[in-house]
Amino acid sequence: MQLVKTIQEVRAQVAAWRREGLTVGLVPTMGYLHEGHQSLIRRSAAENDRTVVSVFVNPIQFGPNEDLEAYPRDIERDKQAVSEAGGDLIFNPDPSEMYPQHFTSFIDTTETTELLCGAVRPVHFRGVCTVVGKLFNIVLPDRAYFGQKDAQQLATIRRFVRDLDFPVQIVACPIVREADGLAKSSRNTYLSATERQAALVLSRSLRLGREAIEQGERSAARVIDIIRTELQREPLARIDYVEVVDFVNIQRVERIEGETLVAIAVYIGKTRLIDNFVWN
Ligand code: AMP
């Protein structure tokens, strides 16, 4: 397992692998890796001859009042996690490597980014799509792996890959959770012990929503109500959004029929957490 910091080094290594006829998987991350990230790396390692993991806290996907500075970073720990999960190369660029002076070109998407996180984090998806597009052009992977934890991100990446003809297969991976149900996230490290306990309300409220659908409820408004009611019972929780949308276009639905995404964002104290499930 090696770590490189420049685009040129990644390109040279991938070109060498290509000359040997090897396939390449890419797992884009912001680092501070946990078992959620490792599940993506393991899947890529199983499906490709070589796996590149990018570790880059992408400044352009953070809004001015978000947690760019505070975002946890520990590259030594990440090296361990990547090597344990079967990754071959870490790409860990400095921001200036990815964004030279006068960087002025972006991948911008509409429709899938109108609601949910797109509505409350206006520059977020432009930053995500731009960095992911750059990583696709740098690594030229056969497949790229994304977690359903960030379901709107997944739908948006699928969209721009289709719209802009990126020659890469997008592979979606299920949400990895702690034993008590909390979705694993690098941001969980912000939570105090009391907040960590309070954060269980996210997965608990979603479970109630899912159970209602399983029992035949098809009204999105009713499912939203069930989830909101449970979230409101937790004094440390402040709802950012609770939405029921179709999983392809990320537009609101009234009835739960096709592949449906039920997604929530909730502040626990100052920490904003997201969680979701997809009903099919
Ligand atoms: P991040 O480092 O948060 O940008 O996440 C990098 C990738 O890991 C994204 O595709 C995420 O969706 C995925 N990921 C993060 N947390 C989880 C999780 N708990 N389960 C599955 N995938 C995850």
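Whatever order the structure lists them in is the order used to number ligands and atoms, beginning at 1. The chain is numbered in sequence order, starting from 1.
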Taking non-hydrogen atoms only, is [X] closer than 4.0 angstrom to ligand 1 via side chain, backbone, both or neither?
X: Pro174; value: backbone
X: Ser186; value: neither
X: Leu40; value: side chain

When you look at CZ of Arg252, are more than 12 heavy atoms from neighbouring residues, nucleotides or ligands closer to it than 6.0 Å?
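Count not over threshold, so no.
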Asp275 pairs by salt bridge (Lys or Arg N to Asp or Glu O under 4.0 Å) with which of Arg207, Arg204, Arg177, Arg210?
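Only match with Asp275 under salt bridge (Lys or Arg N to Asp or Glu O under 4.0 Å): Arg177.
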Angle class for the His34/His37 ring planes (parallel below 30°, perpendicular above 60°, tilted otherwise)?
tilted
Test salt bridge (Lys or Arg N to Asp or Glu O under 4.0 Å) on Asp225 and Arg228; report intermediate values, then the result.
CA-CA 5 Å; Asp225 193 46; Arg228 281 189 161 272; over 6 Å; no
Going by the atom numbers of ligand 1, which of them fall below 4.0 Å from some non-hydrogen atom of [X]?
X: Phe146; value: 10 (O)
X: Lys184; value: 16 (N), 17 (C), 18 (C), 19 (N)
X: Pro28; value: 6 (C), 7 (C)
X: Met30; value: 1 (P), 2 (O), 4 (O)
X: Ile175; value: 20 (N), 21 (C)

Contacts of Arg272 that satisfy salt bridge (charged side-chain N to carboxylate O under 4.0 Å, His left out) - sequence neighbours left out:
Asp240
Could you work out, with salt bridge (charged side-chain N to carboxylate O under 4.0 Å, His left out) as the rule, every residue matching Asp94, not counting sequence neighbours?
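Asp94 satisfies salt bridge (charged side-chain N to carboxylate O under 4.0 Å, His left out) with Lys5 only.
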Heavy-atom distance to [atom]: which of [options] wins?
atom: atom 20 (N) of ligand 1; options: Val131, Val176, Asp150; value: Val176
atom: atom 8 (O) of ligand 1; options: His37, Gln38, His34, Arg187; value: His37
atom: atom 3 (O) of ligand 1; options: Tyr145, Tyr71, Phe56; value: Tyr71

Between Glu9 and Gln2, is there a side-chain donor-acceptor contact under 3.5 Å, judged purely by atom types and distance?
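Distance-only check fails for Gln2 and Glu9.
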Tyr71 and Asn58: side-chain donor and acceptor closer than 3.5 Å?
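No pair is found: no donor N or O on one side chain lies under 3.5 Å from an acceptor on the other.
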Considering only non-hydrogen protein atoms, determine which one is nearest to atom 10 (O) of ligand 1 and report residue, atom name and distance to 0.1 Å.
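The closest heavy atom on the protein side is Gly147 N, 2.9 Å.
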